[in-house]
Amino acid sequence: MGNIGILFKREFSSFFATPVAYVFIGIFLVLSGVFTFFVGGFFERGQADLLPFFNFHPWLYLFLVPAIAMRSWSEERKSGTIELLMTLPISTWQAMLAKHLAAWAVLGLSLLLTFPLWLTVNYLGDPDNGIIVAAYVGSWLMAGAFLSIGMCMSALTKNQVIAFILSIVVCFVFVVSGSNIVLDAFKSWAPNEVIDVVASFSFLTHFEAMAKGVIALDDVMYFLLVTLCWLFAGLVLIEQKKAD
């Protein structure tokens with residue numbers, strides 16, 4: 001864990017050594033406020049909760065998380081620093097985990113900085129803060145799943161733009177697979193078991209319950225398994241491309 005901790009500090013600091021983290025956090029906070037108060041109709045709803053805020057998180061992450069993940073391995077391979085990284089007394093899996101945890105920490109910091117929204121709903125009414133905490137946890141877990149997909153795509157190519165586009169495409173599939181439009185397309189010919197399987201792959205399906213305050217073990221395990229599976233896929237790609 002010592003080697004992971006050292007690399008974690010290096011990766012986390014690198015986000016703030018460049019404008020990447022500041023731009024990401026700034027855009028996330030601005031869009032969160034816009035979607036909550038204007039697009040989400042916070043005041044028109046007349047309810048003191050943050051449901052409008054959390055409802056837009058899958059769509060925010062769809063574009064913002066790939067932007068922060070695309071440089072994780074693409075930049076290392078393009079600049080040639082991946083060879084230096086592999087000479088350090090650290091395994092590829094430890095490097096993958098450290099990079100993911102560092103970027104995940106930046107995403108967690110972004111969520112923490114939205115606390116003024118939480119203070120606002122408590123000032124305007126009497127919300128169920130337990131539900132809000134559950135929604136924050138669910139959002140952070142979902143962000144980790146988005147991030148692992150983005151890092152896998154970054155491991156696939158040296159081009160950050162290509163990694164960004166591929167990440168959006170894959171993440172979009174995971175988001176919309178549980179939407180009514182997709183499920184309706186299956187209902188005309190597929191049995192209910194197939195429809196349930198398709199819906200179970202959706203980030204929306206698992207996050208919506210958590211956004212309403214229900215933290216079920218299967219939802220938590222889903223996001224953790226998605227995260228681990230895509231990190232493992234990225235690890236395989238890195239091992240295969242070491243000689244590139």
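One is the number of the first residue; the rest follow in order along the sequence.
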Applying side-chain hydrogen bond (donor to acceptor under 3.5 Å, both in side chains), can you list everything that pairs with Trp140, at least two apart in sequence or on another chain? none

Sorted by chain and residue number, the ring pair (Phe, Tyr, Trp, His ring centres under 6.0 Å) partners of Phe53 (sequence neighbours excluded) come out as His57

From CD1 (Ile149) to CG (Leu166), nearest 0.5 Å: 12.0 Å

OG of Ser139 to CD1 of Ile132: how many Å apart, nearest 0.5 Å? 13.0 Å

Using every non-hydrogen atom in the two residues, find where Phe207 and Gly138 come nearest and quote the distance to one decimal. CE1-C, 3.6 Å

Set of residues satisfying side chain to side chain contact (heavy atoms under 4.5 Å, CB included) with respect to Val220, sequence neighbours excluded: Leu141, Met210, Ile215, Leu224

If two hydrophobic side chains count as joined below 4.5 Å and joins carry through other members, does Phe56 share a cluster with Val137? yes

For side-chain contact (heavy atoms from CB on, under 4.5 Å), just list the numbers for Val65 and Cys171, CA-CA rounded to whole Å, side-chain angles, deciding distance to a tenth of an Å, and then say yes or no. CA-CA 10 Å; Val65 175; Cys171 289; over 6 Å; no

Just to verify, what does Ser13 make a side chain to side chain contact (heavy atoms under 4.5 Å, CB included) with, not counting sequence neighbours? none

Applying the 4.5 Å side-chain criterion to the ILVMFWY set and letting contacts propagate, would Met221 and Val214 be lumped into a single cluster? no

Would you please test Leu60 and Phe146 for side-chain contact (heavy atoms from CB on, under 4.5 Å) and show each step? CA-CA 11 Å; Leu60 281 175; Phe146 272 102; over 6 Å; no

Return the set of residues passing side chain to side chain contact (heavy atoms under 4.5 Å, CB included) with Leu29 (not counting sequence neighbours), or none when no residue passes. Ile25, Leu113, Thr114

Those residues at least two apart in sequence (or on a different chain) that pass ring pair (Phe, Tyr, Trp, His ring centres under 6.0 Å) with Phe15 are none

Please tell me if the side chains of Leu50 and Pro127 come closer than 4.5 Å, counting only heavy atoms from C-beta onward. no

Between Val106 and Val20, is any pair of side-chain heavy atoms under 4.5 Å apart? no

Please determine whether ring pair (Phe, Tyr, Trp, His ring centres under 6.0 Å) holds for the pair Phe63 and Phe164, giving the CA-CA distance in whole Å, both sets of side-chain angles, and the decisive distance to 0.1 Å. CA-CA 8 Å; Phe63 294 97; Phe164 176 72; 7.5 Å; no

When rounded to the nearest 0.5 Å, the distance separating CE of Met70 from CD1 of Ile168 is 9.5 Å

Side-chain heavy atoms of Lys99 within contact of Ser154, under 4.5 Å: no

Heavy atoms, side chains only, cut-off 4.5 Å: are Phe28 and Tyr61 in contact? yes

Do Leu97 and Leu7 touch side chain to side chain, with heavy atoms closer than 4.5 Å? no

Given side chains that start at C-beta, do those of Pro58 and Met142 come closer than 4.5 Å, heavy atoms only? yes

Cluster overlap Val173 with Ile162, hydrophobic side-chain contacts below 4.5 Å: no

For residues 226-235, dump all side-chain donor-acceptor pairs below 3.5 Å to protein atoms at least two apart in sequence or in another chain.
unit_1, atom_1, unit_2, atom_2, d
Thr227, OG1, Ala145, N, 3.4
Thr227, OG1, Phe223, O, 2.8

Identify the heavy atoms of Ala69 and Met151 that sit nearest to each other, and give their distance. CB-N, 3.9 Å

Can you get from Leu51 to Val175 by hopping between Ile, Leu, Val, Met, Phe, Trp and Tyr side chains that sit under 4.5 Å apart? no

Which residue, Asp126, Thr120, Asn122, Val121, forms the side-chain contact (heavy atoms from CB on, under 4.5 Å) with Leu124? Thr120

Would you confirm whether Ser202, through its side chain, and Val176, through its main-chain N or O, come within 3.5 Å as a donor-acceptor pair? no

Can you name the side chain to side chain contact (heavy atoms under 4.5 Å, CB included) partners of Val161, sequence neighbours left out? Asn159, Ile165

Does the separation of the ring centres of Tyr222 and Phe201 fall below 6.0 angstrom? no

Residues pairing under side chain to side chain donor-acceptor pair (under 3.5 Å) where one sits in residues 203-219, two or more places apart or in two chains, turn out to be His206-Asp219

Is there side-chain contact between Asn129 and Trp118, with at least one heavy-atom pair below 4.5 Å? yes

Side-chain hydrophobic cluster, 4.5 Å single linkage: members besides Phe115: Leu119

Residues which pass ring pair (Phe, Tyr, Trp, His ring centres under 6.0 Å) with Tyr22, listed by chain and number, not counting sequence neighbours: Phe16

Write down the atom of Ala102, the atom of Glu11, and the distance for their closest heavy-atom approach. CB-CB, 3.5 Å

Examine Val23 and Trp104 and state if one hydrophobic cluster contains both, with Ile, Leu, Val, Met, Phe, Trp and Tyr joined whenever side-chain heavy atoms are less than 4.5 Å apart. yes

When rounded to the nearest 0.5 Å, the distance separating CZ of Phe54 from OG of Ser32 is 9.5 Å

Pair Ile238-Met96, side-chain contact (heavy atoms from CB on, under 4.5 Å): steps then yes or no: CA-CA 9 Å; Ile238 291 297; Met96 178 69 76; 4.3 Å; yes

Answer with yes or no after comparing the ring centroid distance for Phe35 and Trp59 against a 6.0 Å cut-off, counting only values under it. no

Taking all atoms of both residues into account, what is the closest heavy-atom pair of Ala105 and Phe12, and its distance? CB-CE1, 3.8 Å

Report the C-alpha separation of Val236 and Gln240 in whole Å, then their side-chain angles, then the decisive distance to 0.1 Å, and conclude whether the side-chain contact (heavy atoms from CB on, under 4.5 Å) test is met. CA-CA 6 Å; Val236 172; Gln240 290 180 343; 3.9 Å; yes

